[in-house]
Amino acid sequence: MSDPSSTTLPPLLQAGAPPRQGPDAPTWSETLTRLRYRYWPDHWVGEILSKRWTETAIPVILLLAVLIASGQLLPNFYSMAVLADTLRQAGEVGFVVLGLALVMIVGGIDLSVGSIFALTNFSALMMMHVLKWPVPAAVLGTLVTGALLGGINGVLIGYLRLRAFLTTLITLIIFRSLYEILSLRYSTEIAGNLPDSAWWDFLGGGTFLEIPSVAWVYAVVAIAGHLMLTRLRWGWHVMAIGGSRRSAYNCGIAVRRTVALSYVGSGVLTAVGGCFFASRLATAGADIGVGMEVLVLTAAVLGGISLGGGRGSVTKALVGTLVVLLITNGLTSLSAPGGVTRMVLAGILIAAAAIDVRWLKNRHRIISKVYVSPTYLRLPAAPDCSAQAHSAWAVNNKLRDVELIGLGRIEAPEDVILDRDNHLYAGSRHGDIIRFKAPDYQEMEVFAHIGGQPLGMAFDRDWNLLVCVGGMGLYKVTPQREVHCVTDETNRSWASINDDSRLRLADDLDIAPDGRIFFSEATTRYEMHEWPVDGLEARGNGRIVCHDPRDGSTRTLLRRLKFPNGISVASDGQSILFAETWGCCVKRYWFDGPRQGQVEVVLDNLPGYPDNINLASDGHYWMALVGMRAPAYDLAMRMPGFRRRMAKRVPVDEWLFPNINTGCVLKFSERGEVLETLWDLGGENHPMITSMREHRGYLYLGGISNNRIGRYKLPDAKADFAHYEQRWEQH
């Protein structure tokens with residue numbers, strides 16, 4: 001497959017191309033600018049920062065720094081004995097951090113985790129040392145104790161809707177008081193009765209492959225927690241509630257129950273840590289769990305668990321746990337007083353909270369300033385379109401008297417198409433396919449509701465209506481009005497930072513004789529409502545995709561195209577014509593035959609931005625120009641630094657965007673000859689034209705910014721021509 005950017009012009013276009021010397025020749029400064037913006041991947045910065053995993057980058061860097069510093073300051077830090085002891089403590093504390101992280105993600109807080117840890121530790125010791133329960137029963141009883149204690153918080157906060165901070169502060173005091181009463185009563189009996197159980201001893205001090213047992217259990221629980229938060233519906237509900245509780249409620253999520261269960265889960269995870277702690281130390285001292293809430297809260301916030309809810313992961317909880325544990329153990333090994341350790345933790349907590357709040361507040365602003373990454377694009381001077389121009393581009397007023405269909409009753413009909421009964425179909429911005437009934441097109445109805453913005457459309461041989469839907473992919477509407485998703489993803493590029501497997505902006509399509517569907521995706525970086533920003537970048541974020549209904553596969557054929565838009569299968573049935581909107585050109589790609597994989601330019605240096613392409617009755621092609629080029633914007637395309645500063649400093653509604661207020665329709669041949677142009681000089685009927693469809697002597701016009709469909713009587717067209725009949729007969 002050849003690179004479209006390196007394809008040479010056909011002889012016809014080379015003859016009329018502007019010379020390399022003279023005012024159109026790039027200067028040395030422009031050449032250096034082009035090379036700098038072509039080979040330096042500025043857009044990667046914004047894409048990397050927009051990834052959720054980058055939020056863990058700073059804690060991970062801090063963890064590496066702490067590991068290096070610990071290795072330098074502490075003797076034998078990297079020995080297996082020290083590392084095993086560190087992992088053992090990290091596992092016990094890590095379970096508590098996981099529990100608190102779950103509560104924080106759902107939008108709450110739990111200050112009672114230290115007291116719950118102490119009570120579950122006491123519960124495990126009581127069942128094993130005093131009641132002489134077997135290990136499985138004791139572990140299960142400890143987990144039930146943690147669930148009950150967490151359930152108390154869950155009922156008060158989830159169902160009774162009490163304030164989480166105040167409620168858990170009160171339960172902290174209550175649970176701590178209960179622990180002190182019980183430990184005072186039974187501590188002597190617990191200390192005097194040691195269980196004789198190899199399994200219990202293995203929980204506390206056993207290893208497998210020189211790794212402590214608690215670390216293995218923690219790894220299993222962490223993986224399960226990650227899958228729950230990222231792959232299961234309950235985890236999505238937790239994230240949604242933390243992000244916006246009211247919105248989650250309006251979406252039908254059981255908010256109260258989910259919040260309550262999150263506190264139950266926190267209690268169970270804390271009980272797991274308490275169980276391992278009890279089996280290792282077998283003590284019910286008065287200081288168990290004292291100050292633990294500060295330790296685990298610092299670990300959670302430092303790892304990147306948001307105090308505002310809706311943001312967090314198991315990885316962040318693990319990283320935060322290791323950082324805090326290494327710091328506290330390091331200070332203890334250096335004989336630092338307990339007060340100093342607590343002050344250091346408090347300082348880390350304040351700093352982490354400040355960073356969390358500031359980053360959460362400014363993250364989208366920072367990303368928006370660096371994500372838009374303009375590149376260099378030099379277009380030759382546009383052709384002369386004045387009325388005095390002696391060429392097919394000379395402006396006229398042929399579209400002045402266009403008949404209007406559905407005026408004020410339809411919004412954003414980007415593409416139009418007609419069926420075998422001459423009914424007219426168009427999309428609307430409300431996510432509907434609207435049908436105007438022949439012959440007068442006065443009666444209209446909603447043919448199907450899809451949900452997204454319908455763009456390009458085409459009928460297959462079975463009269464299924466194939467539709468490109470912005471933000472959703474390729475859909476099919478059957479004659480019975482049933483809506484089905486054909487495909488919403490393609491193969492991912494190995495060099496892409498963003499997940500480009502999802503179809504963000506499927507634009508236009510056509511169907512090959514063997515049923516393969518070729519469609520354009522205008523941009524892989526921006527959503528439907530952000531499509532003008534892609535023009536500001538001029539980077540080449542689009543691609544051509546093929547879906548084969550015979551085996552259900554979808555694959556990308558061409559990449560790095562400048563907003564590929566209109567598509568039409570060529571007369572040979574082995575190639576397609578496609579328009580690059582921001583490149584102001586039309587190219588041809590062979591998907592079959594002896595020239596398979598090759599690309600050539602058919603039309604270059606258009607005076608406007610090309611959109612949809614459709615077959616004409618004489619075998620040539622109609623194409624819409626959605627807007628016309630302007631010297632100021634062409635100049636700005638050669639100044640990526642200017643556009644970058646504009647994107648950073650100027651509000652979006654004041655950016656310099658392509659002129660899409662005046663358009664035209666042109667007819668061209670496969671050899672690149674412009675045969676005819678149709679203009680509406682006053683812009684009264686169709687100021688913006690995105691599509692046209694010839695059908696039985698008329699040209700039907702659509703525009704994504706219009707509130708009407710136009711019908712223009714073609715003087716010399718075949719009165720019996722229908723697009724689908726011509727296509728199927730041709731192949």
Side-chain angles (χ1 to χ4, degrees), residues 399 402-448 450 452-460 463-470 475 477 506-511 519-520 565-568 579 610-617 621-626 663-667 678 680 685-714 717 721-727:
L399 298 181
V402 166
E403 177 187 350
L404 302 182
I405 299 174
L407 178 62
R409 296 190 293 163
I410 188 171
E411 298 182 52
E414 197 273 346
D415 194 14
V416 293
I417 195 170
L418 295 99
D419 64 12
R420 55 189 170 183
D421 297 319
N422 301 322
H423 298 317
L424 174 64
Y425 299 77
S428 79
R429 72 176 183 88
H430 303 290
D432 299 323
I433 301 292
I434 305 297
R435 178 166 68 178
F436 294 88
K437 293 187 176 181
D440 57 4
Y441 303 113
Q442 296 301 308
E443 182 183 353
M444 60 174 286
E445 64 177 351
V446 176
F447 178 70
I450 294 182
Q453 170 74 61
L455 300 175
M457 297 184 289
F459 280 110
D460 65 11
W463 290 103
N464 297 304
L465 181 59
L466 281 301
V467 185
C468 288
V469 185
Y475 277 69
V477 183
D507 202 325
D508 194 26
L509 76 154
D510 204 358
I511 305 174
F519 61 97
S520 59
N565 204 324
I567 280 189
S568 181
D611 206 296
N612 285 9
I613 302 174
N614 284 310
L615 191 65
S617 58
Y621 299 89
W622 293 107
M623 183 172 67
L625 295 185
V626 68
C664 91
V665 176
L666 65 96
K667 181 189 289 186
L678 308 175
D680 180 9
N685 288 332
H686 286 276
M688 179 187 184
I689 303 175
T690 55
S691 66
M692 71 282 104
R693 189 85 60 168
E694 183 178 343
H695 184 81
R696 306 201 186 283
Y698 288 90
L699 194 65
Y700 294 82
L701 307 174
I704 197 171
S705 292
N706 296 340
N707 64 347
R708 69 203 76 178
I709 297 172
R711 185 166 75 159
Y712 172 70
K713 177 64 176 177
L714 293 170
F721 171 80
H723 179 275
Y724 50 86
E725 293 176 353
Q726 179 74 11
R727 174 69 69 204

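In this text the structure is predicted, and so the values were computed from the model without any measurement.
Residues passing the side chain to side chain donor-acceptor pair (under 3.5 Å) test with Gln453: none are found, sequence neighbours excluded. Checked against ring-ring contact (aromatic ring centres under 6.0 Å, His included), Phe436 has no partners two or more places apart in sequence or in another chain. Every residue two or more places apart in sequence or in another chain that forms a side chain to side chain donor-acceptor pair (under 3.5 Å) with Asn565 is listed here: Thr581, Asp611. Gln442 meets the side chain to side chain contact (heavy atoms under 4.5 Å, CB included) test with Arg409, Asp440; sequence neighbours excluded. Listed by chain and number, the residues in a side chain to side chain contact (heavy atoms under 4.5 Å, CB included) with Ala426 are Ile410, Pro413, Val416, Ile709 (sequence neighbours excluded). For Glu414, there are no side chain to side chain donor-acceptor pair (under 3.5 Å) partners, not counting sequence neighbours. Residues satisfying the salt bridge (Lys or Arg N to Asp or Glu O under 4.0 Å) criterion with Asp415, sequence neighbours excluded, are Arg693. Qualifying side chain to side chain donor-acceptor pair (under 3.5 Å) partners for Glu445, counting only residues two or more places apart in sequence or in other chains: Arg435, Arg481. In this view, Ser705 and Met688 satisfy the side chain to side chain contact (heavy atoms under 4.5 Å, CB included) rule, not counting sequence neighbours.
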Going through the distances and angles, do Tyr441 and Leu418 end up as a side chain to side chain contact (heavy atoms under 4.5 Å, CB included)? CA-CA 11 Å; Tyr441 303 113; Leu418 295 99; 3.5 Å; yes

Could you walk me through whether Thr690 and Asn706 pass the side chain to side chain contact (heavy atoms under 4.5 Å, CB included) test, one step at a time? CA-CA 10 Å; Thr690 55; Asn706 296 340; over 6 Å; no

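Put simply, the side chain of Ile433 reaches to within 4.5 Å of the side chain of Met457, judged on heavy atoms. In this structure the side chain of Leu678 reaches within 4.5 angstrom of the side chain of Leu699, judged on heavy atoms. In this structure, Val467 and Ile450 have side chains that are in contact, with non-hydrogen atoms separated by less than 4.5 Å. Looking at heavy atoms from C-beta onward, Phe447 lies out of side-chain contact with Ile434 at the 4.5 angstrom threshold. Side chains of Asp507 and Cys468 form no contact here, defined as non-hydrogen atoms less than 4.5 Å apart.
A donor-acceptor pair is defined here as one N or O able to donate and one able to accept, closer than 3.5 Å; such a pair exists between the side chain of Asp419 and the backbone of Asp421. The backbone N or O of Met692 lies less than 3.5 Å from a partner atom in the side chain of Asn614, making a donor-acceptor pair. The closest donor-acceptor contact from the side chain of His423 to the backbone of Ala438 lies under 3.5 Å. With Glu694 contributing its side chain and Ser617 its backbone, the two residues share a donor-acceptor pair below 3.5 Å.
Applying the salt bridge (charged side-chain N to carboxylate O under 4.0 Å, His left out) test to pairs two or more places apart or on separate chains, those with a residue in residues 424-433 are Glu411-Arg429.
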